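In what follows, every heavy atom counts, from backbone to side chain, and hydrogens, waters and symmetry copies are set aside. Each chain gets a letter, A, B and so on, in the order the sequences are listed, and its residues count up from 1. Because the structure is predicted, anything quoted here is derived from the model rather than measured.
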Amino acid sequence: MNSDTRFDPSTADARWQNAWDQAQTFRADSNSAKPKSYVLEMFPYPSGRIHIGHVRNYTMGDVLARYKKATGHEVLHPMGWDAFGMPAENAAMEKGVHPGGWTRANIAHMKAQLKRLGFALDWSRELATCEPDYYGHEQALFIDLYEAGLVYRKESEVNWDPVDMTVLANEQVIDGKGWRSGAEVEKRKLNQWFLKITDFAEELLEGLGNLENWPDKVRLMQENWIGKSKGLEFSFDLSNGATLPVYTTRPDTIFGASFVAVAADHPVAQAIDNDAARAFIAECKKGGTTAAELETAEKLGFDTGITAKHPFTGADLPVFIANFVLMDYGTGAVMAVPGHDQRDFEFATKYGLPIPRVVAPSVDDAEKPFDGEAEAGEGVIVNSDFLDGMEVEDAKREIIRRIEDQGRGTGKTVWRLRDWGVSRQRYWGTPIPFIHCEACGVVPAPKDSLPITLPEDVDFQTPGNPLLRHPSWKHVDCPHCGGKAERETDTLDTFVDSSWYFLRFASQPADKPFDAAEVAKWLPVEQYIGGIEHAILHLLYARFWTRALAKMGQIEVKEPFASLFTQGMVTHETYSRKEGGKTVYYAPDEISREAERALLTADGGEVEIGRVIKMSKSKKNVVDPDTIIDTYGADAVRWFMLSDSPPERDLPWSEAGIEGCSRFVHRLWRLFGQYDAGATGEDKPLDRKTHQTTAAIAEDVEALGFNKAVARIYELTGAVEKAAPSASRSAAIRTLVQLVAPMMPHLAEEAWAAIGGEGMVADAAWPAVDSALLVEDEVTIAVQHKGKLRDTLTAPKGASKEDLEAMALASAKVQRSIDGADIRKIIVVPDRLVNIVT
RNA sequence: GCGGGUGUGGCGGAAUGGUAGACGCCGGGGACUUAAAAUCCCCUGAGCUUUGCUCGUGUGGGUUCGAGUCCCACCACCCGCACCA
C-alpha cells in the first residue's frame, strides 16, 4: 500500500456510497435467521436543508446500526419524512408555491444531503407522511379508533386572530399578539376532534416502570405530565341555592380555605347577570391558551357576591371568578387555601383575603407568620378543629371519610393528562375522514373511499383554512342516506403522523397500514434516538397509539421503543456588532476567526464573540452540512459529531474542532498505509492494548458513549504509531480499521481494500476479543496519608493487604509525610490504594 | 408560574465513594524545510519560600479514613408546558 497517496474524500466518499447502494448492503431482510435489531432516529421535518443537529442524531444511530450489523444482527435502519406541517403553508403564503411541491423539493434535497454522509440506511423503506399511500392508512386507523370508542368531538379553546380571522398556533402568538396581524389574540371555542388518551392514563403511567432503558428524566417528565393525583371532590352549598363541586388534592387543608374560585367559563360564572361580571369574563378571554402564559399572568379575580358555606366551620366563603383556574382540570372550581398554595397566596394577598395557617412544622408553630409565600410542604395540621396534630396523610384520609359520611363528596383520582385534541384548521395535514350530514350526523367516510386526498388547487393568499374555502372539495353525498353532506375540513395534528410511522417502516403493504407479522418480527424499536424536546408529547402520543392498536388487536407490542436516547443540541458561538444602534449578527462563513478575536471578512472590522448557544437562523450561528462535507469529507464531519461532548449534552461546533478531526482522518490513513502483512514477531503490550480497546469500544458503543470510544481510538492510534513493526502491530492496524469503520466508514472501506480485507468492511464481523489479554498483571497503587496522595507504587495485581501496607510504609515520601506520628489506622483497597491515618 | 436537567483548566470533556484533569482543541517551545504548508517531539490548572508544598470540580454547610461523585440549602444557565416540529 502506498502511504504517499492522500486519502481523498471528494472521490472516495461517493465511490463507497455507490458500492453500498449497488450491493444493497443495508437492506433489511425480514426473513433473515439472524437476531433482529431495529435502530431508529426520529425522522426529520423537511424544512429545506439538513440541519447539523440532524447530522449528529443520524451519525449516532448510524454507528450503532453498523456496529449491530458487525456483531451479527439483521439491522433495520430506515429513514422517512415527517412531511406535513405549518412551514409548508407559510412558504405557500410567502412565496406563492404549493406546499406539496415545496415539501417534495425539500425532501429530494435533504435526501441527497443524507446520502453524502454515507448513512447505512435502508432507503427501500423510505416514506413521507404527506403522501396518500401513508396518510390514507392513517385515515383508516383513525376510523378504527373511532369505532373502538377512542375518538370523540367536544368544544375546545383555540388562539383566535380577530383580524386575520384565523386560528393561530401557540408559536404564532407573540406577546399575546398575532404574528402577522399584530392583533390582540383571543380565546375562542371550536368543536374539535379528540383522542381518548386519558383512557390509557393508568397504563401509560404503569408502563413507564418497565422502560428501564429510557432515561430516568424522561420517565419522570412523563410521570409528572400524566400527573396522577388522589384527592377529594365535594360540593359547597352556595348562597344562591345551587351546589358547586370542587376538586382538591389537599383535603387536609380544608380548614385553611378562605375563598372559592371558579374558571371564567364555569357555569356559575356564566350565570351571573351583570355587566361587570360579563366584562371581567371578556377580559379573561384575552391572551393565548398556553399554560406558561396563563400561569405567569397577573392573578385577577371578580367577587361574584355569592358565598359558599364551609362544610365544617359553616363560615361563608366568598366565591370569585379567577383567571388562574382552568376549566379543563378537575371541576373547574377550587377551594382556595392561600397559606399552602402559592397561586392562592398571591390572589389572597392582592384582594386582602385572610391567609390562615393550617399546616406547621410542629403544633407549637400554629401562630407562626408566613414569610411572604405559601408553605406547600409537609408538617402537622394546626388550627383545624378535629384534625389538629395529625400528619398530612392521616388528615387527608380523615377528611375524605367525613365528607363521604356526609354524602357531600367522594375521594377521587384525577389526572393532569388531558385528552389529545387532534383537529387543526389547516390545509397541509391528513384530512380527517368524516362526513357531516344534516340527517345522519357525523359519520365516518367509507373505508373504500380512502385515501381522502387533499385538493391540489388551493389558494393561500386569503387567510383561513383553504379546505373550508375550496369550491367543491368538501361537498359529498352522505354515505348513509345519500343526501347532500359535507366533508370534515379539519386536518390531523402532525403528531398523529409520527405516532405510527415506526410500524409502517417494518412493512409497507398497499392494502393496509402494516402487516402484523412483520411488526411482530421487528418491533419494539431496539434503540430510538432523538432530541430531548420530544421527551413528553411525541413519545407519549406514540406510546398511546401503540397501546390503542394493541388493545384493538391489530398488533401485539405495547411499548414501541425498548430503549430511548435523547441527544443534545449542536451549538455555536455568535458574532455580532452594533451598527447604527442595533445589533447585527454575522454567519460563521462571513468571519475570520483568530485565537482571541473575530474579524468580519468583508471589511476587516472586529465583531463581538457571543455565548455558545443553540444554532438558530435569527442569530445566524448556523453551519451548513454541505459546505463542511465539501471541505472536509463525510468522515471528518461524522467524527466531529461523535467526539468530545457526551452525546446527551450540547456539542459546540467549531472550525478548529473540525480541522482537528480532518487531520485525524489523514493521520489514520498514514498509519493504515504502514500495514505490513508479512511482519513477524509478537508485541504483547500492544496486543493487550488492542484487545482491551476492542472490548471497551464495544461497551461504549452499546451504551452510546461515543465520546469515550473516540478517546480510546486516539489512545490506540498513538500506541500503534509508537510501536515497532511486528505481526502484533499489523494485527492492531487491521483491528483499528474495523474499530473506526462504524464511525468513519468511507476511510475504513478504502483502507480495508488496501490491506486486502475480504469483501467490504461494512460486511465484516466485529474483531474477536481474547479475554486472557484483558487483564493486566501489574497495577499502580496510590498511597495516601490522611486522605492526600503522597506517593504511587507499582505492585503485582492481587497483592495481599499486608504486602501493600508494607510497601506503602517503606516509601520515603510517605515516611516524610508521617513524620513520626502515631499510625491509628491503615485502609487498604486491593489493587487501588493504601490510606494511612495518623 | 409549574415540571425536568446541567455546572470540572483558556475550551469540549474523563474519572465502580479511592492518584482530579484521560483524550481532543487552543496556546508556547523545538525538529524537518531555502521558506511555507504538512508532519513529528516536548511543555501547558493556579499559586508558592519549587528534591517539594499549598489551593483547586458553581456557592455555603454536612456525612466519610477518603467527596467531582452521597445528603441539605442556595446560585446561574438550558429544555418542556398540550396548535413549532
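The neighbour count for Asp175(A) CG, taken as heavy atoms of other residues, nucleotides or ligands under 6.0 Å away, does not exceed 12. Environment of CZ in Arg219(A): crowded, with over 12 heavy atoms of neighbouring residues, nucleotides or ligands closer than 6.0 Å. In Lys154(A), the NZ atom is crowded: over 12 heavy atoms of neighbouring residues, nucleotides or ligands sit closer than 6.0 Å.
Remark: G1(B) base-pairs with C81(B); criterion is Watson-Crick or G-U wobble with both hydrogen-bond distances under 3.5 Å. Pairing partner, G24(B): C11(B), with both Watson-Crick or wobble hydrogen-bond distances short of 3.5 Å. The partner of C74(B) is G58(B), by the rule that a Watson-Crick or G-U pair needs both atom distances under 3.5 Å. Pairing for A38(B) is absent, with no Watson-Crick or G-U wobble pair whose two atom distances lie under 3.5 Å.
Remark: P of A15(B) and CG of Asp644(A) are 14 Å apart, rounded to the nearest angstrom. Note: CG (Leu642(A)) to C1' (G13(B)) measures 15 Å, nearest angstrom. Asn835(A) has its CG atom 13 Å from the C1' atom of A67(B), to the nearest Å. Rounded to whole angstrom, the span from the CD atom of Glu721(A) across to the P atom of U39(B) amounts to 11 Å. Residue Glu659(A) contributes atom CD, which lies 17 Å from atom P of G24(B) at whole-angstrom precision.
Listed nucleotides C26(B), G12(B), U54(B) differ in distance to Arg790(A); the shortest reach to its side chain belongs to U54(B). Side chain of Leu537(A), nearest nucleotide from G12(B), C81(B), C55(B): C81(B). Ranking G3(B), U39(B), C83(B) by closeness to the Arg670(A) side chain, first place goes to U39(B). With C23(B), C81(B), C79(B) as the choices, the nucleotide that has an atom nearest any side-chain atom of Glu533(A) turns out to be C79(B). Of the candidate nucleotides C81(B), G4(B), U19(B), U19(B) has the atom nearest to the side chain of Gln784(A). Nearest to the side chain of Met569(A), among C78(B), C83(B), C23(B), sits C78(B). The side chain of Thr296(A) has G1(B) as its nearest neighbour among G13(B), G1(B), C84(B). Considering only the side chain of Met86(A), C84(B) comes nearest among C79(B), C84(B), G18(B). Closest contact between the side chain of Glu295(A) and the listed nucleotides C65(B), G1(B), A82(B) involves G1(B). Comparing C81(B), G18(B), A14(B) against the side chain of Ala292(A) picks out C81(B) as the nearest.
The same atom, C1', is picked in C55(B) and in G21(B); the two are 15 Å apart, to the nearest Å.
Proximity of Arg712(A) to the phosphate of C23(B): no side-chain N or O atom is located under 4.0 Å from OP1 or OP2. For Thr494(A), a side-chain nitrogen or oxygen approaches OP1 or OP2 of A85(B) to under 4.0 Å. For the pair Asn707(A) and G12(B), the criterion of a side-chain N or O lying under 4.0 Å from OP1 or OP2 is not met.
Residues Phe43(A) and Ser498(A) are in side-chain contact: their nearest non-hydrogen atoms beyond the backbone lie under 4.5 Å apart. Considering only heavy atoms from C-beta on, Lys708(A) stays 4.5 Å or farther from Glu699(A) through its side chain. No side-chain heavy atom of Met86(A) sits less than 4.5 Å from a side-chain heavy atom of Arg424(A).
In textbook terms, a nucleotide whose glycosidic angle is within 90° of 0 is syn, and G9(B) is one such case.
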